[in-house]
Structure formats: C-alpha cells, structure tokens
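Here is the structure we will look at, set down as structure tokens.
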Amino acid sequence: MSCSAEHHCVTCSDEAVTVLVVDLLEGDLALVDTERGREEISVALVEAAVGDLVLVHAKEAIAVVGSGGP
C-alpha cells in the first residue's frame with residue numbers, strides 16, 4: 001500500500017487521514033467525522049462498521065485501523 005497515516009501518497013502526494021464512521025449509507029458509502037465536519041466517503045474497499053476508525057485517501061476508505069469506542 002502506498003499510503004499510510006504517517007506518509008504522503010507516493011502517487012499524488014496527498015495524505016491519508018484517519019476518520020470515525022458515524023453512519024453507513026446505501027451504495028457502499030459512509031458518513032464520517034473529520035476535522036472539517038461530517039463528510040461522505042466510499043467504503044467499497046473495506047468492511048467498515050459504525051464506530052470504526054478508517055484510513056481515507058481521496059474520499060476512499062483504504063483500511064480499517066481500529067475502533068473509536070472504549
């Protein structure tokens with residue numbers, strides 16, 4: 001994988017960020033909490049659930065990295 005939370009993407013120089021899944025939507029989409037507020041992303045490549053922390057690059061979840069719960 002060319003992206004991680006610590007590094008820039010070697011393909012486009014964008015950073016991947018970790019966000020919290022707050023709702024799953026139709027069509028492999030999810031609503032997530034980001035530093036800029038809530039945003040819609042694709043979760044087509046991962047098996048995410050509400051409460052999961054996912055690594056996102058270019059509005060695409062590329063990995064589930066943990067749970068936001070206790």
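Since we're looking at a predicted model, the values are computed, not measured.
Here the side chains of Arg38 and Val32 are not in contact, with every heavy-atom distance at 4.5 Å or above. Residues Val50 and Leu24 meet the side-chain proximity criterion, which asks for heavy atoms closer than 4.5 Å. Between Leu29 and Ile41, the closest side-chain pair of non-hydrogen atoms is not below 4.5 Å. When side chains are defined from C-beta on, Thr34 does not count as touching Leu20, because their heavy atoms never get closer than 4.5 Å. You'll find the side chain of Leu31 stays beyond 4.5 Å of the side chain of Glu39, heavy atoms only.
Here the CD atom belonging to Glu60 is positioned 9.0 Å from the CG atom belonging to Asp28, to the nearest 0.5 angstrom. Atom CG of Asp23 is separated from atom CG of Asp33 by 11.0 Å, given to the nearest 0.5 angstrom. Separating the CD1 atom in Ile62 from the CG atom in Leu55 is a distance of 4.0 Å, to the nearest 0.5 Å.
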Any chance you could lay out the side chain to side chain contact (heavy atoms under 4.5 Å, CB included) test for Leu25 and Glu40, step after step, and finish with the verdict? CA-CA 9 Å; Leu25 308 172; Glu40 198 172 286; 3.5 Å; yes

Going through the distances and angles, do Val65 and Thr18 end up as a side chain to side chain contact (heavy atoms under 4.5 Å, CB included)? CA-CA 8 Å; Val65 294; Thr18 303; 3.9 Å; yes

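For Ala61 against Leu45, the heavy-atom pair with the smallest separation is O-CB, 3.8 Å. Nearest approach of Val46 to Ala63, heavy atoms of both residues: CG1-N, 3.6 Å. Nearest heavy atoms, Ala48 versus Val54: CB-CG1, 4.0 Å.
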